[in-house]
Amino acid sequence: MSVRVRIAPSPTGNLHMGTARTAVFNWLFARRHGGRFLLRIEDTDRERSRQAFTDSILTGLRWLGLDWDEEIVFQSRRSRDHQEAIATLLASGQAYRCYATEAELHAMREAQQAARQAPRYDNRHRHLSPRQVAAFRKEGRHAVVRFRIEDGQEILWQDMVRGPMRWQGADLGGDMVIARRAPADQIGEPLYNLAVVVDDMAMGITHVIRGEDHIANTAKQILLYNALGAPQPSFAHTPLILNKEGRKLSKRDGVTSIADFQALGYTAAAVSNYMCLLGWSPPKKLGERFGLGDAAAVFGFDRVNKAGARFDWDKLNWLNSQVLHAMDGATLRDALLPRWRQAGLDTNQPQAWQERLSALLGPSLVVLEDGVEQARPFLGTPELDDASRAQLQVEGCQAALGYVLQHRPRTFEMSAAKALLTAAAQAAGVRKGVVMKGVRAALLGCLQGPDLLLSWELLHGAGEDGPRLRSALG
RNA sequence: GCCCCCAUCGUCUAGAGGCCUAGGACACCUCCCUUUCACGGAGGCGGCAGGGGUUCGAAUCCCCUUGGGGGUACCA
């Protein structure tokens with residue numbers, strides 16, 4: 001049977017790290033086995049679901065390169081199937097209506113808590129007599145639908161990450177609600193566990209790959225598969241991504257949405273690479289810098305860790321810088337251009353010139369956004385910083401700059417420029433370092449940056465070196 | 001509270017009983033390259049949570065302790 005997996009985010013927030021990493025694992029597994037990677041939007045929580053979040057999820061997945069294979073399934077459009085399944089369970093007696101009011105359930109939980117017991121539904125309406133039911137209905141009570149969960153049973157599955165798993169029915173909290181409260185002659189909106197199982201069945205999902213936080217759901221869902229007469233899929237519960245404090249990464253941890261990373265100037269290559277590294281260890285031959293395609297060729301759950309993995313900015317930064325350093329000028333320029341525009345920098349230079357600038361800046365970038373500040377001295381007239389101003393006041397610096405300006409050749413030539421700096425130092429009677437720093441200050445307005453001669457050459461090409469040297473004098 | 005899961009350098013990890021004097025990567029430190037900042041290169045620091053077993057032999061298997069995490073919805 002061919003592999004079919006899915007990622008099933010709910011559009012109640014932007015695509016974030018945890019979901020994306022789960023998507024990565026699903027995608028890798030599908031590609032590794034020549035299977036299909038599907039997408040289902042779980043938008044049954046009407047209160048919290050937003051179209052904008054659906055868009056964010058699709059955009060994010062595409063950006064990462066996680067292409068899905070079939071039409072997107074929207075859970076909200078599958079309510080007929082859900083209702084049918086619930087009706088089936090109701091008809092077979094595996095589910096029943098519970099008329100307990102919220103107040104009654106609340107009181108029940110209070111009592112349990114007071115007695116230091118685990119909160120759970122006490123199955124009080126599991127065996128209602130027809131008379132009791134009639135009484136509740138006459139009262140006008142609404143009802144939820146509950147699925148029977150026998151306390152005595154044991155639920156077993158072989159987890160692709162964790163090995164043999166075992167769960168006691170008694171630890172599942174009593175008969176579970178599968179349909180929201182509704183008038184007693186109707187079936188309310190389906191709840192998560194029911195909808196997931198029905199949809200996974202309909203979509204022919206063979207392997208459910210999701211975060212460790214779903215383990216308890218898996219036990220409940222296996223019961224539903226059985227009740228609905230469907231074979232249960234394989235399960236893989238991946239370790240969670242943890243924040244700095246070692247807790248499950250959540251939206252409250254600041255930068256966690258994929259769009260945030262993109263905005264900061266992280267590349268899809270680095271982000272997807274890093275997500276693979278959180279919890280999965282690639283075989284040695286792959287190294288640790290690789291594309292999704294390379295990873296897909298060797299991916300397996302045998303090398304997925306069980307313990308949660310802390311998110312580490314340093315490592316992501318390093319990966320991203322590696323990606324950026326390896327980019328050629330043309331690619332980098334295309335990536336940088338929108339950011340330059342956004343920052344209001346002068347982008348009127350010829351494309352080739354911008355590409356050379358990008359190539360010059362490349363090795364010092366960690367994120368694309370760094371390319372804005374670092375390009376600033378080249379694009380538009382720079383403001384001299386304090387250190388530069390001070391440098392221009394250094395004994396002999398002005399004389400040296402004057403000499404440089406005077407003897408500046410029409411066409412820039414590397415060795416000639418180098419010789420000119422030496423000559424200027426001699427003429428002004430200062431060390432060469434003074435001249436180099438002085439020229440740098442005059443040209444770029446700051447004392448640090450890429451290679452001086454290459455920077456100069458670039459500015460010369462833009463016709464900027466003369467004016468800048470001149471304005472630094474005087 | 002109850003249930004479940006997990007545990008190797010600061011972080012991500014390799015490790016399937018002898019190949020381990022525990023390997024790699026990031027971070028950190030030093031040096032080299034460079035008359036700047038980076039890049040790059042070469043070194044260095046640093047770990048099997050603790051205690052019991054099993055075994056000729058344990059980071060690896062078992063138990064306990066401790067620590068951490070997840071779950072406990074008419075959310076997904």
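Proteins get letters first, then strands, A, B, ... in listed order; numbering begins at 1 in each. A quick note: this is a predicted structure, and the numbers were derived from the prediction, not measured.
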List for me each residue that meets salt bridge (Lys or Arg N to Asp or Glu O under 4.0 Å) alongside A:Glu457, sequence neighbours excluded, and say none if there are none.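 A:Glu457 satisfies salt bridge (Lys or Arg N to Asp or Glu O under 4.0 Å) with no other residue.
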
For [N], the Watson-Crick or wobble counterpart (both distances under 3.5 Å):
N: B:rG46; value: none
N: B:rA7; value: B:rU66
N: B:rC2; value: B:rG71
N: B:rC31; value: B:rG41

Tell me, which of residues 39-60 of chain A have any heavy atom that sits under 4.0 Å from an atom in RNA chain B?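 The stretch gives A:Glu42, A:Thr44, A:Asp45, A:Arg48 as the residues lying under 4.0 Å from the strand, ordered by number.
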
How far, in whole Å, is [M] from [N] if one measures between their [atom1] atoms?
N: B:rC4; M: B:rG46; atom1: C1'; value: 34 Å
N: B:rC26; M: B:rG68; atom1: C1'; value: 23 Å
N: B:rC12; M: B:rU21; atom1: P; value: 26 Å
N: B:rC62; M: B:rC75; atom1: P; value: 40 Å
N: B:rU13; M: B:rU55; atom1: P; value: 34 Å
N: B:rC5; M: B:rG43; atom1: C1'; value: 41 Å
N: B:rC48; M: B:rG1; atom1: P; value: 30 Å
N: B:rG24; M: B:rC32; atom1: P; value: 24 Å

Close N or O pairs between protein and nucleotides 64-67 of chain B (under 3.5 Å):
none

Just wondering, do A:Ser10 and A:Ile41 contact through their side chains at under 4.5 Å, heavy atoms?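 Counting from C-beta outward, A:Ile41 and A:Ser10 never come under 4.5 Å.
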
Start with the C-alpha gap between A:Leu38 and A:Ile205, add the side-chain angles, then the distance that decides, and say whether side chain to side chain contact (heavy atoms under 4.5 Å, CB included) holds. CA-CA 9 Å; A:Leu38 312 183; A:Ile205 299 304; 4.1 Å; yes

Are side-chain N/O atoms of [X] and [Y] paired as donor and acceptor at under 3.5 Å?
X: A:Asp43; Y: A:Ser49; answer: no
X: A:Asn320; Y: A:Trp318; answer: no
X: A:Asp253; Y: A:Thr256; answer: no
X: A:Glu212; Y: A:Thr238; answer: no

Examine distances only and state if a side-chain atom of A:Ser281 and a backbone atom of A:Leu277 form a donor-acceptor pair shorter than 3.5 Å.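 Side chain of A:Ser281 to backbone of A:Leu277: no pair is present.
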
Under 3.5 Å donor-acceptor, A:Gln112 side chain and A:Arg120 backbone: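 Yes, the answer is positive, given that a donor and an acceptor are paired below the 3.5 Å cut-off.
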
[X] [atom1] - [N] [atom2] separation (whole Å):
X: A:Lys244; N: B:rG10; atom1: NZ; atom2: P; result: 15 Å
X: A:Asn217; N: B:rA73; atom1: CG; atom2: P; result: 11 Å
X: A:Gln75; N: B:rC75; atom1: CD; atom2: P; result: 13 Å
X: A:Ile7; N: B:rA76; atom1: CD1; atom2: P; result: 16 Å
X: A:Lys220; N: B:rA76; atom1: NZ; atom2: P; result: 12 Å

Residues forming a ring pair (Phe, Tyr, Trp, His ring centres under 6.0 Å) with [X], sequence neighbours excluded:
X: A:Tyr274; answer: A:Phe311
X: A:Phe29; answer: A:His33, A:His207, A:Phe301
X: A:Phe74; answer: none

With under 30° as parallel and over 60° as perpendicular, where do the rings of A:Phe136 and A:Tyr99 fit, or are they tilted in between?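 A:Phe136 and A:Tyr99: parallel rings.
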
Please check the phosphate of B:rA25 (OP1 and OP2 only) for any side-chain N or O of A:Arg289 closer than 4.0 Å.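 So the side-chain polar atoms of A:Arg289 never come under 4.0 Å of the phosphate oxygens OP1 or OP2 of B:rA25.
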
Could you name each residue pair satisfying side chain to side chain donor-acceptor pair (under 3.5 Å) that touches residues 160-176 of chain A, not counting sequence neighbours?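 Qualifying pairs: A:Tyr96-A:Asp175, A:Arg126-A:Asp175, A:Glu154-A:Arg166, A:Glu154-A:Gln168.
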
What contact category does [X] fall into here, base, sugar-phosphate, or nothing, at under 4.0 angstrom with non-hydrogen atoms?
X: A:Arg247; answer: sugar-phosphate
X: A:Leu242; answer: nothing
X: A:Val144; answer: base
X: A:Gly279; answer: sugar-phosphate
X: A:Ala115; answer: nothing

Hey, is B:rC39 sitting syn or anti, using the within-90° cutoff around 0?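 Here the answer is syn: the torsion falls within 90° of 0.
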
Where along nucleotides 14-21 of chain B does protein come under 4.0 Å, by heavy atom, of base (B) or sugar-phosphate alone (S), with - for untouched nucleotides? SS------

Reading nucleotides 27-42 of chain B from the 5' end, what letters show protein touch, with B for base, S for backbone sugar-phosphate only, - for no heavy atom under 4.0 Å? S-------BBBSSS--

Measure the distance between the ring centre of A:His214 and the centre of the six-membered base ring of B:rA76, then answer whether it is under 5.5 Å with planes under 30°.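 Yes, A:His214 stacks on the base of B:rA76, since the ring centres sit under 5.5 Å apart and the planes are within 30°.
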
Under the side chain to side chain contact (heavy atoms under 4.5 Å, CB included) rule, collect the residues that match up with A:Ala419, sequence neighbours excluded.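 Partners of A:Ala419 under the side chain to side chain contact (heavy atoms under 4.5 Å, CB included) test: none.
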
Starting from the 5' end of RNA chain B, give me the residue, A:Leu105 or A:Gly246, whose nearest nucleotide shows up first.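 Nearest-nucleotide comparison on RNA chain B picks A:Gly246.
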
Could you walk me through whether A:Ser358 and A:Trp340 pass the side chain to side chain contact (heavy atoms under 4.5 Å, CB included) check? CA-CA 11 Å; A:Ser358 300; A:Trp340 290 341; 3.6 Å; yes

Atom pairs under 3.5 Å: protein N/O with N/O of nucleotides 43-50 of chain B:
none

Side chain to side chain contact (heavy atoms under 4.5 Å, CB included), that's the test. Do A:Leu401 and A:Leu469 meet it? Break it down for me. CA-CA 7 Å; A:Leu401 286 186; A:Leu469 284 167; 4.1 Å; yes

What do you reckon, are the aromatic ring centroids of A:Phe25 and A:Trp280 less than 6.0 Å apart?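 Not close enough - the centres of the two rings lie 6.0 Å or further apart.
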
Test side chain to side chain contact (heavy atoms under 4.5 Å, CB included) applied to A:Val255 and A:Trp313, step by step: CA-CA 11 Å; A:Val255 178; A:Trp313 283 96; 3.7 Å; yes

State plainly whether the residues A:Arg109 and A:Glu104 are in salt-bridge range, i.e. N to O under 4.0 Å.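 Between A:Glu104 and A:Arg109 there is no salt bridge, as every charged N stays at least 4.0 Å from the carboxylate O atoms.
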
Tabulate protein N/O versus nucleotide N/O from nucleotides 1-5 of chain B, keeping only pairs under 3.5 Å, one per line.
unit_1: B:rG1; atom_1: O2'; unit_2: A:Arg116; atom_2: O; d: 3.2
unit_1: B:rC5; atom_1: O2'; unit_2: A:Arg162; atom_2: NH1; d: 2.7
unit_1: B:rC5; atom_1: O2'; unit_2: A:Glu212; atom_2: OE2; d: 3.3

Which residue in the set A:Leu39, A:Asp199, A:Val73, A:Asp200 passes side-chain contact (heavy atoms from CB on, under 4.5 Å) when paired with A:Arg6?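 Only match with A:Arg6 under side-chain contact (heavy atoms from CB on, under 4.5 Å): A:Asp200.
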
